[in-house]
Amino acid sequence: MVLAVPLLGVTALLFVPSWKTQTIRNIALNSSLLTFLISLLLWIEFDSSSAVFQYTNGICSPSGFSDVTLARAASSSSFSALNFALGVDGISLFFIILTTLLVPICILVSWNNIEIYVKEYCIAFLVLETLMLTVFSVLDLLLFYIFFESVLIPMFIIIGVWGSRERKIRAAYQFFLYTLFGSVLMLLAILLIYFQTGTLDIEMLYLSDFSETRQCILWLAFFASFAVKVPMVPVHIWLPEAHVEAPTAGSVILAGILLKLGTYGFLRFSIPLFPYACIYFTPLIYTMSIIAIVYTSCTTIRQIDLKKIIAYSSVAHMNFVTIGLFSQNTQGIEGSILLMISHGLVSPALFLCVGVLYDRHKTRLLRYYSGCGQTMPLFALLFVFFTMANISLPGTSSFPGEFLVFIGAYQNNSFVAFCAATGMVLGAAYALWLCNRLVYGVSKPDFINTWSDLNRREFFMFAPLIAGILWIGVYPEPFLDAMHCSCIYLLYAQ
Amino acid sequence: MANILRQGLGVARTALQYQQRRFAGNLPVKPNKFVEEWATRRELIEQEFKWDRKTMTQVLTFGLLVPYAIYSVTVMEYEHADDFAKRPKREVWGGSDA
């Protein structure tokens with residue numbers, strides 16, 4: 001049902017003439033809002049005391065491990081075992097809700113500033129939503145790979161067609177080629193897994209065993225694909241470029257969802273399938289993550305492009321997530337998931353702030369902005385709030401996530417926890433510098449007549465993100481409860 | 001042929017200048033020449049980058065030595081906390097025992 005609604009929206013859009021832009025936007029917005037409401041039903045009906053995949057047969061009929069898995073196992077002797085099975089567990093639940101939350105916001109943010117190919121734009125976003133939801137809910141490794149890669153196509157089109165400048169084509173190609181190159185190795189690894197186990201069903205694979213050498217080879221192949229998506233240094237180059245050239249809605253989806261595909265892949269496949277290799281390669285992951293956190297935080301300090309600042313800070317935050325994931329304990333993994341959800345709210349909100357400024361003045365260079373607090377007080381208030389959430393101020397959503405990640409990392413390796421903590425200090429440095437330059441300072445007299453504060457549409461774009469950030473920051477218990485059993489199962493399945 | 005080349009160069013130059021001017025957008029401020037040039041240079045960093053003694057040293061230091069040092073300390077930290085090798089628990093800043 002969650003997958004069907006955006007597709008129904010796409011079908012409806014195909015019958016609307018291209019010149020009826022208002023109707024097109026309304027259909028896209030309503031179908032994405034309906035998808036969001038249905039995804040909330042998933043959470044309401046979700047049984048958090050169970051670690052198995054739920055909703056495998058229908059939206060309100062949680063199904064146990066036995067019937068679905070055995071039915072699939074029975075047909076796994078040939079390649080026809082590749083079936084389109086879907087399911088939701090405590091890990092994928094929040095990524096699904098995050099996806100359905102962000103897509104209506106993307107359509108709202110483009111309400112006025114996308115004027116060409118509106119119909120194609122809305123279709124691209126609804127197709128992208130369907131693909132992302134499928135990635136998070138599919139229970140077959142090869143289908144995961146197919147949808148994981150197919151997400152690139154609408155995103156490539158969104159950057160290449162509705163991007164802001166001439167460099168958008170280059171950025172789109174860079175984004176496409178980087179991610180595709182890593183994924184080739186993953187496809188080979190999937191074939192190797194299939195020829196050893198005879199199945200690609202995720203639940204069956206959790207029960208299979210690989211030799212230590214084979215685990216290392218397979219882990220490296222998966223790592224090549226997921227590390228690009230996270231992104232980890234040195235394969236992060238595509239991200240700032242793609243963010244800068246993408247339209248605001250493209251940046252929102254990139255930061256909010258696409259970056260999580262890599263860490264979700266680690267969580268869903270690398271950690272439970274290759275436990276020995278995970279322990280073996282943990283120092284490598286930690287080294288890369290520490291370098292990424294310190295390097296990108298330092299790089300952020302010297303950026304003057306607003307989008308690049310947020311893009312580089314996203315890289316640093318996503319590498320906090322990898323540290324938590326590979327700490328191999330419950331606190332670390334739950335903290336990582338919470339931090340991903342938080343980043344999926346905070347980073348899109350900051351990109352929306354940049355979009356608000358860019359819509360008015362067509363520049364993202366920090367040098368040209370000053371004194372927004374005097375001319376755009378509501379915007380300034382929200383910008384300061386989101387920046388504080390970005391540096392994990394207690395009471396905001398990033399704090400419980402980062403705190404749990406540090407607990408997990410410290411239990412595993414105190415040196416890594418110490419180095420990662422320097423990222424928080426550097427994060428505070430660039431965030432406060434950014435706030436100081438943008439919000440405070442002297443407002444130039446010419447600006448007063450031309451600067452306008454947030455309108456109602458823009459405020460409603462931010463409202464759900466503010467609510468989410470405060471909710472997770474003040475009371476993260478419902479989120480942690482829902483994911484706890486799945487995280488335990490993930491860690492101790494083998 | 002020379003004319004075509006000259007025209008092509010002219011178009012490319014205009015495109016570059018156009019891109020440089022766009023950094024300021026339509027804000028009511030005078031574009032800062034140095035900021036515009038610096039932002040352009042940062043975007044075209046792959047064309048500006050040159051291999052010389054200084055950059056080579058930087059690449060070796062931050063690309064090999066620093067990662068190796070971090071990796072070594074991380075592994076050392078694991079070895080210090082290895083329960084299976086019967087190593088005692090490390091006490092950080094005096095430990096937590098009374």
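The analysis underlying the following values was restricted to heavy atoms, covering all of them including side chains, and did not include hydrogens, waters or symmetry mates. Letters A, B, ... mirror the listed sequences (proteins, then strands); counts begin at 1.
Remark: side-chain polar atoms of B:T55 are paired, donor with acceptor, to backbone N or O of B:K50 under 3.5 angstrom. For the pair A:Q215 (side chain) and A:A277 (backbone), a donor-acceptor distance under 3.5 Å is present.
When every heavy atom of A:R367 is checked against every heavy atom of A:R437, the shortest pair comes out as CA-NH2, 4.3 Å. Nearest heavy-atom pair, A:P231 versus A:N319, reported as atom, atom and distance to 0.1 Å: O-ND2, 3.3 Å. A:R360 and A:L454 make their closest contact through NH2-CA, 4.0 Å (heavy atoms, listed as atom of the first residue, atom of the second, distance).
Proximity to chain B is limited to the side chain of A:Y286, based on heavy atoms less than 4.5 angstrom apart.
For residues 292-303 of chain A, heavy-atom neighbours of chain B at less than 4.5 Å comprise A:R302, A:Q303, sorted by residue number.
Other residues, nucleotides and ligands place no more than 12 heavy atoms under 6.0 Å from the CZ atom of A:F418.
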